[in-house]
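Heads up, the thing below is written out as C-alpha cells.
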Amino acid sequence: MTQLSTRPFLQTLGLLGAGLLLAACGKKEEPAPAPAPAPVASAPAPAPAKVYVVGTDAAYAPFESQNEKGEIVGFSMDLLNAVAAKGGFEIKFVNTPWEGIFNSLGQGDRDLLISSITITDERKQTMDFSAPYFDAYQLIAVKATSKVTKFDDLKKLKVGVQTGTTGDETVTKLQGKNSTNVKRFESTPLALKELEAGGVDAVVADNGVVVNYVTNNPAAKFKTVSDKAFAPEQYGIAVKKGNAELLDKVNKGLAAVKADGAYDQIYAKTFGAAPAPAAAASK
Ligand code: ARG
C-alpha cells in the first residue's frame with residue numbers, strides 16, 4: 001500500500017498504460033468473445049470456390065417453380081443440387097425467362113441451364129447437353145367438355161403454347177407456320193389460364209407440367225388427351241457450347257446420382273412412389 005502510494009505519478013501512469021496495452025493485446029488474440037464480426041467472416045476464408053450460375057424458367061411446376069418465399073424449388077433443383085454435390089461444384093439458381101434463356105447461356109450470363117429443356121438437334125448446334133435425365137412428351141389439355149380426342153383435332157382450333165418450346169414447334173407444324181390459331185404465351189401457366197378463361201381451345205405442353213396443373217386446379221375442369229403421334233422427348237442440362245470441363249462435372253455427378261439411388265428418391269419425392277415417368281402422366 002505504502003509503496004504504491006509513494007510511486008511517482010508518472011510511473012503509475014506508465015503502468016496503467018502497459019496494462020491497457022496488455023489488455024488490448026489479450027483482447028485481439030482471444031478468438032471467441034469479441035463480438036467483432038469482421039475477423040469471424042474474413043479470417044480463415046479459403047479461396048472462394050467458383051459458384052456456377054444456373055438459369056431456370058421457374059414457372060414450370062413440378063420441375064422448377066417459386067414457392068411462397070420466392071425460393072426456386074422443384075425436381076430440377078433437387079436433382080441439380082445432388083448432381084453438384086457429387087460432381088464437386090457449387091451452384092446458384094437464377095430465375096430466367098424462357099424467351100431469353102438460351103441467349104443468357106451463349107452470352108455467359110449463365111453457366112448452366114436446367115429448365116426441363118428438351119434435347120433437340122437444333123439446340124445441339126448452339127449448346128451442349130448432359131446425358132438425358134428425364135423422359136417426357138407433349139400432352140394436350142382441354143376443358144372436360146371438349147370433343148378433342150387426338151392431336152389432329154387441334155388443326156383448326158386455337159391452341160395455347162409457350163413460345164419457343166417443343167409444344168410450340170409441334171403445334172406450329174400441325175397448323176402451318178402462318179397459322180394465326182397458335183397462341184403463344186410467355187409461360188405455360190399463362191397459356192393454361194387462358195384455356196381456363198376460354199381464350200384458347202387447348203394447350204399443348206410437356207406432360208409432367210400439364211398433369212401437375214390439371215391435378216392441382218380441379219376447379220378449372222380440364223382433362224388431358226394424349227396421342228401416340230407425339231415424339232418422345234428427353235430433358236438435358238445445358239452448358240455453353242464447348243464447355244467440356246463443366247459438362248464433364250455435370251455428367252459425372254449425374255451418373256453418380258443415378259447409380260446411388262438419389263435420383264430415384266428425388267423422383268419419388270416429386271412424383272410419388274416412382275412409376276416410370278411416362279406411366280406417371282399417361283393414366
Ligand atoms: N421441354 C420443353 C422444351 O424444351 C418445354 C420446356 C419449358 N421449360 C420451362 N421451364 N418453361 O421446349
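Order of listing sets the numbers, starting from 1, for every ligand and every atom in it. None of these values were measured; they are calculated from a predicted model.
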Handout entry: Lys240 bridged to Asp111 by N-O distance under 4.0 Å
Key = no

Problem - Arg123 and ligand 1 - part of the residue with a heavy-atom distance under 4.0 Å - result: side chain

Handout entry: Ring centroid separation Tyr133 to Tyr263 under 6.0 Å
Key = no

Exercise for the section: Quick one: look up the protein heavy atom nearest atom 6 (C) of ligand 1 and list residue, atom name and how far away it is. Expected result: Ser116 O, 3.2 Å

Practice task
Please determine if Tyr235 has a nitrogen or oxygen closer than 3.5 Å to a nitrogen or oxygen of ligand 1.
Solution key: no

Handout entry: Polar proximity ligand 1 side, Trp98 side, N/O cut 3.5 Å exclusive
Key = no

Exercise for the section: Answer with side chain, backbone, both or neither: which part of Thr165 has a heavy atom less than 4.0 angstrom from an atom of ligand 1? Expected result: both

Handout entry: Side-chain donor/acceptor of Asp201 to backbone N/O of Leu157, under 3.5 Å
Key = no

Practice task
Provide, to 0.1 Å, the distance between atom 8 (N) of ligand 1 and the closest protein heavy atom, together with that atom's residue and name.
Solution key: Ser115 O, 2.8 Å

Practice task
Among all protein heavy atoms, pick the one closest to atom 11 (N) of ligand 1 and tell me residue, atom and distance.
Solution key: Asp57 OD2, 2.7 Å

Problem - Distance-only N or O hit between ligand 1 and Tyr60, under 3.5 Å - result: no

Exercise for the section: Without swapping roles, check the side chain of Asn243 against the backbone of Leu246 for a donor-acceptor pair under 3.5 Å. Expected result: yes

Problem - Atoms in ligand 1 flagged as close to Ile117, the criterion being non-hydrogen separation under 4.0 Å - result: 4 (O)

Problem - Pair Arg184, Thr172: side-chain N/O donor-acceptor within cut-off below 3.5 Å - result: yes

Problem - Short N or O distance, Glu233 and ligand 1, threshold 3.5 Å exclusive - result: no

Practice task
Would you confirm whether Asn95, through its side chain, and Ala58, through its main-chain N or O, come within 3.5 Å as a donor-acceptor pair?
Solution key: yes

Handout entry: Note: Asp128-Lys124 ion pair, threshold 4.0 Å (strictly below)
Key = no

Exercise for the section: Output the list of atoms in ligand 1 that are nearer than 4.0 Å to some heavy atom of Gln162, sorted by atom number. Expected result: 7 (C), 11 (N)

Handout entry: Close-contact set for ligand 1 against Glu64 heavy atoms, below 4.0 Å
Key = 9 (C), 10 (N)

Exercise for the section: Would you tell me whether Gln138 and Asp227 have side-chain atoms, one donor and one acceptor, within less than 3.5 Å of each other? Expected result: no

